[in-house]
Amino acid sequence: VQLQASGGGLVQAGGSLRLSCAASGLTLGRHIMGWFRQNPGKEREFVGAMRWSTGNTYYYDSVKGRFTISRDDAENTAYLQMNSLKPEDTAVYFCAATVDVGLHLIRYSARTFDYWGRGTLVTVSS
């Protein structure tokens with residue numbers, strides 16, 4: 001199983017970035033796809049998650065209305081569209097996947113995800 005995150009970079013506050021997470025070795029249709037972020041010395045923070053089978057999503061309060069998770073079934077790829085970026089969004093972003101066992105998305109956290117991709121750095125300048 002491999003998750004490959006990409007798309008990070010440097011952007012000015014108010015700008016946008018789209019991160020991608022390409023999956024191989026698993027069928028995402030049976031999984032929950034999550035996005036997390038982390039800064040040095042801090043815990044990994046939940047950003048949002050999608051139930052792949054239905055497209056339902058759930059987001060952390062601080063990114064609601066600015067970030068959107070989407071998917072491409074044919075490419076087995078998830079996306080995190082980030083708009084109206086703020087300096088506090090600066091972090092290394094990770095994508096993760098776990099088998100969908102039917103829990104409400106709010107119950108998923110970093111500890112419940114089994115597969116992780118390498119992070120991609122997002123830097124938002126003020």
Side-chain angles (χ1 to χ4, degrees):
V1 176
Q2 186 173 18
L3 300 177
Q4 183 67 47
S6 61
L10 174 64
V11 64
Q12 288 189 331
S16 299
L17 278 176
R18 189 178 78 158
L19 306 183
S20 301
C21 180
S24 59
L26 77 167
T27 304
L28 285 175
R30 306 171 189 165
H31 290 76
I32 303 294
M33 174 63 74
W35 286 94
F36 295 81
R37 62 189 182 186
Q38 189 172 25
N39 280 303
K42 295 190 176 181
E43 290 189 359
R44 196 160 292 187
E45 178 182 76
F46 174 82
V47 173
M50 168 183 279
R51 171 163 279 119
W52 200 274
S53 61
T54 63
N56 288 345
T57 54
Y58 177 76
Y59 300 94
Y60 185 52
D61 284 348
S62 68
V63 307
K64 281 181 182 176
R66 300 188 299 122
F67 290 11
T68 303
I69 299 172
S70 62
R71 71 187 195 272
D72 184 324
D73 293 323
E75 297 293 328
N76 218 33
T77 297
Y79 301 97
L80 179 67
Q81 178 67 43
M82 304 185 294
N83 299 328
S84 302
L85 282 161
K86 305 175 182 180
E88 52 264 42
D89 293 319
T90 294
V92 177
Y93 283 72
F94 299 87
C95 61
T98 190
V99 174
D100 186 354
V101 297
L103 297 177
H104 192 286
L105 291 177
I106 196 173
R107 298 187 63 182
Y108 286 89
S109 66
R111 293 175 294 177
T112 56
F113 281 81
D114 300 309
Y115 309 109
W116 290 86
R118 290 187 177 182
T120 184
L121 177 63
V122 172
T123 303
V124 184
S125 63
S126 57

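Below, all heavy atoms of this structure are taken into account, side chains as well, without hydrogens, waters or symmetry copies. Quick caveat, the model's predicted, so the values are computed rather than measured.
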Distance-minimising heavy-atom pair for Ser53 and Asp100: OG-OD2, 4.1 Å
- prompt: Roughly how far, to the nearest 0.5 Å, is OG of Ser109 from CD of Glu45?
  reply: 13.0 Å
- prompt: Is any side-chain heavy atom of Tyr93 less than 4.5 Å from a side-chain heavy atom of Val47?
  reply: yes
- request: Could you pull out the closest heavy-atom pair between Leu105 and Tyr58, with the gap in Å?
  value: CB-CB, 3.7 Å
Spacing of NZ belonging to Lys42 relative to CZ belonging to Arg37, to within rounding of 0.5 Å: 10.0 Å
task: Please report the C-alpha distance between Asp89 and Lys86 in whole Å, then the side-chain angles of each, then the deciding distance to 0.1 Å, and finally whether the salt bridge (Lys or Arg N to Asp or Glu O under 4.0 Å) criterion is met.
output: CA-CA 5 Å; Asp89 293 319; Lys86 305 175 182 180; over 6 Å; no
statement: Heavy-atom closest pair (Met50 atom, Thr57 atom, distance to 0.1 Å) is CE-CG2, 3.7 Å
field: Over all atoms of both residues, closest heavy-atom pair of Asp72 and Tyr79
entry: CB-CE1, 3.8 Å
message: Is there a ring-ring contact (aromatic ring centres under 6.0 Å, His included) between Phe94 and Phe36? Walk through the geometry before answering.
response: CA-CA 5 Å; Phe94 299 87; Phe36 295 81; 8.5 Å; no
- request: Output yes when a side-chain donor or acceptor of Arg18 lies under 3.5 Å from a complementary backbone atom of Gly8, and no otherwise.
  value: no
- line: For Ser20 and Thr77 the tightest heavy-atom approach is CB-CG2, 4.3 Å
message: Apply side-chain contact (heavy atoms from CB on, under 4.5 Å) to residues Gln4 and Cys21 and explain how you reach the verdict.
response: CA-CA 5 Å; Gln4 183 67 47; Cys21 180; over 6 Å; no
- line: Closest non-hydrogen atoms of Ala97 and Leu26, given as atom of the first, atom of the second and distance, are CB-CD1, 4.1 Å
message: If the test is side chain to side chain contact (heavy atoms under 4.5 Å, CB included), which one of Val122, Thr68, Val11 qualifies with Met82?
response: Val122
